[in-house]
Amino acid sequence: MSDPGRPPTEFETRVYEATRCVPRGKVTTYGRLGKALGCGSSQAIGQALRRNPFAPEVPCHRVVAGDRTLGGFAGHREGEELRRKRRMLEEEGIRFDKQGRVLPECLHDFPPT
DNA sequence: CACCTGACATAAT
DNA sequence: AATTATGCCAGGT
């Protein structure tokens with residue numbers, strides 16, 4: 001089995017720090033987060049968030065895909081877990097269009113480091 | 001919309 | 001230690 005108890009790597013810590021800055025009622029994307037970190041791989045971001053041990057301290061549910069679809073949550077890309085993610089966002093005031101995408105106005109602009 | 005390719009950290013071997 | 005496989009993706013064809 002993998003080691004779920006291993007301490008976060010430096011990379012993961014950076015991802016969590018950045019994610020923590022996304023305010024309630026707003027969302028960001030894997031790509032944007034990556035750029036804010038100087039990481040060219042949004043997929044790596046997703047992997048770090050997937051294993052986020054600090055939820056909901058670190059709001060990994062406020063990170064969606066670049067096309068503004070939900071992306072994934074807790075290792076799932078569809079199903080009940082995804083619906084939970086969507087519900088959480090709705091609770092925070094995020095609105096979706098008929099295609100199930102987050103409204104563009106809800107996107108958070110990252111502050112320059 | 002369905003691919004394909006690019007990018008990159010981690011896990012597994 | 002080195003290589004391969006896998007993954008909450010993005011961008012282009």
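First the proteins, then the strands, lettered A, B, ... as listed; each starts at 1. Just so you know, these numbers use all the heavy atoms, side chains as well, and skip hydrogens, waters and symmetry mates.
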All pairs passing ring-ring contact (aromatic ring centres under 6.0 Å, His included) where residues 62-91 of chain A contributes a residue, at least two apart: none
Pair listing, ring-ring contact (aromatic ring centres under 6.0 Å, His included) test, anchored in residues 50-69 of chain A, at least two apart: A:Y16-A:F54
Interatomic distance where [atom1] belongs to [X] and [atom2] belongs to [N] [whole Å]:
| X | N | atom1 | atom2 | value |
| --- | --- | --- | --- | --- |
| A:E12 | B:dA11 | CD | C1' | 12 Å |
| A:L33 | B:dC8 | CG | P | 16 Å |
| A:R50 | C:dC8 | CZ | P | 3 Å |
| A:R14 | B:dC8 | CZ | C1' | 12 Å |
| A:F11 | C:dC9 | CZ | P | 13 Å |
| A:Q43 | C:dG7 | CD | C1' | 5 Å |
| A:I45 | C:dC8 | CD1 | P | 14 Å |

Interatomic distance, A:R77 atom CZ to A:L70 atom CG [nearest 0.5 angstrom]: 12.5 Å
Residues which pass side-chain contact (heavy atoms from CB on, under 4.5 Å) with A:S42, listed by chain and number, not counting sequence neighbours: A:Y30
side-chain contact (heavy atoms from CB on, under 4.5 Å) against A:D97, all qualifying residues, sequence neighbours excluded: A:R68, A:Q99, A:R101, A:L103
Between [options], which nucleotide gets closest to the side-chain atoms of [X]?
| X | options | answer |
| --- | --- | --- |
| A:R51 | B:dA11, C:dC9, B:dC8 | B:dA11 |
| A:R6 | C:dG7, B:dT10, B:dC8 | B:dT10 |
| A:T9 | B:dT10, C:dC8, B:dA9 | B:dT10 |

Any residue meeting salt bridge (Lys or Arg N to Asp or Glu O under 4.0 Å) with A:R14, in chain and number order, not counting sequence neighbours: none
Near-strand residues of residues 71-89 of chain A, defined as heavy-atom separation under 4.0 angstrom from DNA chain C: A:G72, A:F73, A:A74, A:R77
A:L89 backbone acceptor or donor facing A:E92 side chain under 3.5 Å: no
Partners meeting side-chain hydrogen bond (donor to acceptor under 3.5 Å, both in side chains) with A:E80 (sequence neighbours left out): A:R87
Quick one: which protein N/O atoms are closer than 3.5 Å to N/O atoms of nucleotides 10-13 of chain C? Pair and distance per line, please.
unit_1, atom_1, unit_2, atom_2, d
C:dA10, OP1, A:G66, N, 2.5
C:dA10, OP2, A:G66, N, 2.9
C:dA10, O4', A:S42, OG, 3.4

Sequence neighbours excluded - salt bridge (charged side-chain N to carboxylate O under 4.0 Å, His left out) pairs with any residue from residues 23-47 of chain A: A:R32-A:D109
